[in-house]
Every structure is written in structure tokens, then in C-alpha cells.
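In listed order, ligands and their atoms are each counted from 1. Everything numeric in this text was worked out from a predicted model, so none of it was measured.
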Amino acid sequence: MAIERTFSIIKPDATRRNLTGGINAKIEAAGLRIVAQKRVKWGQEQAEAFYGVHRERPFFKDLVTFMTSGPIIVQVLEGDNAVAKYREVMGATNPANAAPGTIRKEFAESIEANSVHGSDSADNAKIEISQNFSAFEIVG
Ligand code: GDP
């Protein structure tokens with residue numbers, strides 16, 4: 001299988017509860033390597049740009065408020081089939097539907113405050129990585 005990269009965010013609900021290490025342990029246990037990582041705080045413009053595809057959804061405003069409510073960890077993960085593998089490790093969007101052992105089942109607070117983001121396709125991963133990292137910040 002091809003080595004691939006995906007983009008990840010540890011969201012404000014998780015940094016607030018000191019879960020960065022716990023989430024990273026699950027990422028690494030799944031065989032994904034964290035090849036870039038930084039702690040940042042987004043402003044409204046950055047959150048709106050990142051979640052632009054959801055602009056028309058009823059929860060868009062709340063989502064932007066949530067994503068700007070505290071620090072986040074942005075990451076690049078690398079491994080075999082990384083996009084699909086990380087979606088598996090994350091679990092379903094709504095933690096009530098997430099499989100046992102997944103990040104969202106163990107850590108998420110709600111469908112909104114669901115602890116992590118992961119790219120949903122290889123094409124989106126490339127876009128999201130380049131929005132958040134320059135090439136020299138990613139060390140494979
Ligand atoms: P993901 O790919 O699993 O993160 O899910 P989506 O792309 O559908 O949604 C993006 C993010 O919007 C989710 O991770 C949640 O933080 C938030 N979200 C999704 N659905 C809802 C909803 O019904 N209500 C609220 N408040 N937030 C939602």
C-alpha cells in the first residue's frame with residue numbers, strides 16, 4: 001500500500017482537557033507517524049476558511065466559535081493508507097455512533113466538540129496540509 005499523508009487537528013475540547021498526549025498515543029499505536037505538529041490558536045478568518053465547505057450548514061457559526069475557543073494542535077500524519085486509516089482511528093463524527101476504542105468514542109464530548117479532525121480524501125489532505133504547513137516544517 002502507498003505511503004500517504006493526512007492532515008489532523010486536535011480540537012479545543014481536547015487541548016482544554018489535556019488530551020494531546022492521549023490522542024497522539026492512539027495515532028502512533030495505529031502505525032501513523034506524526035511528521036509535523038504545532039500548537040496554534042485560530043482566529044475567525046482561519047476557521048471560516050478551513051470549514052468553508054460547511055458555510056451553508058446550520059451549525060457553521062457554532063463550529064467556528066468552537067474552533068476559535070482555544071488552542072488546537074495541527075498535525076501531518078504519514079503512513080500506509082493514512083487518510084482512511086486515520087478516519088478509522090478517529091471514529092464516527094457523532095461520538096454516540098463511534099466504534100469502541102476510537103478517539104471520538106473515548107474522548108469526544110459531543111457531535112461538535114468531537115476532539116479531532118482528519119482529512120476525508122487524499123486531495124483534501126494535500127490542500128489542508130498546504131494551508132497549515134510549509135514544506136520545511138514537515139520532516140518525514
Ligand atoms: P468529520 O469529517 O467527521 O469531522 O465531519 P463533518 O465534515 O461532517 O463535520 C465537520 C465538523 O463539524 C465535525 O467534526 C463537528 O465538529 C462539526 N459538526 C458536524 N455535524 C455537526 C452537527 O450536526 N452539529 C454541530 N454543532 N456540529 C457538527
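Between K11 and ligand 1, at least one pair of N/O atoms sits closer than 3.5 Å. Backbone and side-chain nitrogen or oxygen atoms of Y51 are examined, and none is located within less than 3.5 angstrom of a nitrogen or oxygen of ligand 1. When only interatomic distances are considered, the shortest N/O to N/O separation between N114 and ligand 1 falls below 3.5 Å.
Listed by atom number, the atoms of ligand 1 under 4.0 Å from L63 heavy atoms are 12 (O), 16 (O), 17 (C). Against a heavy-atom cut-off of under 4.0 Å, T93 is close to the following atoms of ligand 1: 1 (P), 3 (O), 5 (O), 13 (C), 19 (C).
Using 4.0 Å as the threshold, M67 has no heavy atom nearer than that to any atom of ligand 1. Residue contacts with ligand 1 include R104, since one or more of its heavy atoms lies under 4.0 Å from the ligand. Taking 4.0 Å as the cut-off, H54 counts as a neighbour of ligand 1 on heavy-atom distance.
Among all protein heavy atoms, the one lying closest to atom 22 (C) of ligand 1 is F59 CD2, 3.4 Å. Protein heavy atom at the shortest distance from atom 15 (C) of ligand 1 is I111 O, 3.2 Å. Nearest protein neighbour of atom 16 (O) of ligand 1, counting heavy atoms only, is E112 O, 2.8 Å.
Ring pair F50/F7 is tilted by interplanar angle, where 30° to 60° counts as tilted.
Looking at heavy atoms from C-beta onward, K38 lies in side-chain contact with F133 at the 4.5 angstrom threshold. Counting only heavy atoms from C-beta outward, the side chains of M67 and H117 never approach each other to under 4.5 Å.
Smallest separation of non-hydrogen atoms from V89 and K26: CG1-O, 4.1 Å. Contact between L77 and A82 at its shortest, heavy atoms only, is O-CB, 4.1 Å. Residue A113 comes nearest to D13 through the heavy atom pair O-OD2, 3.4 Å, listed as atom of the first residue, atom of the second, then distance.
By the criterion of a heavy-atom distance under 4.0 Å, the side chain of R87, and not its backbone, is placed next to ligand 1.
Shown here is K41, whose NZ atom has more than 12 heavy atoms of other residues, nucleotides or ligands within 6.0 Å.
Considering OG of S119 and CD of E4, their distance stands at 9.5 Å, rounded to 0.5 Å.
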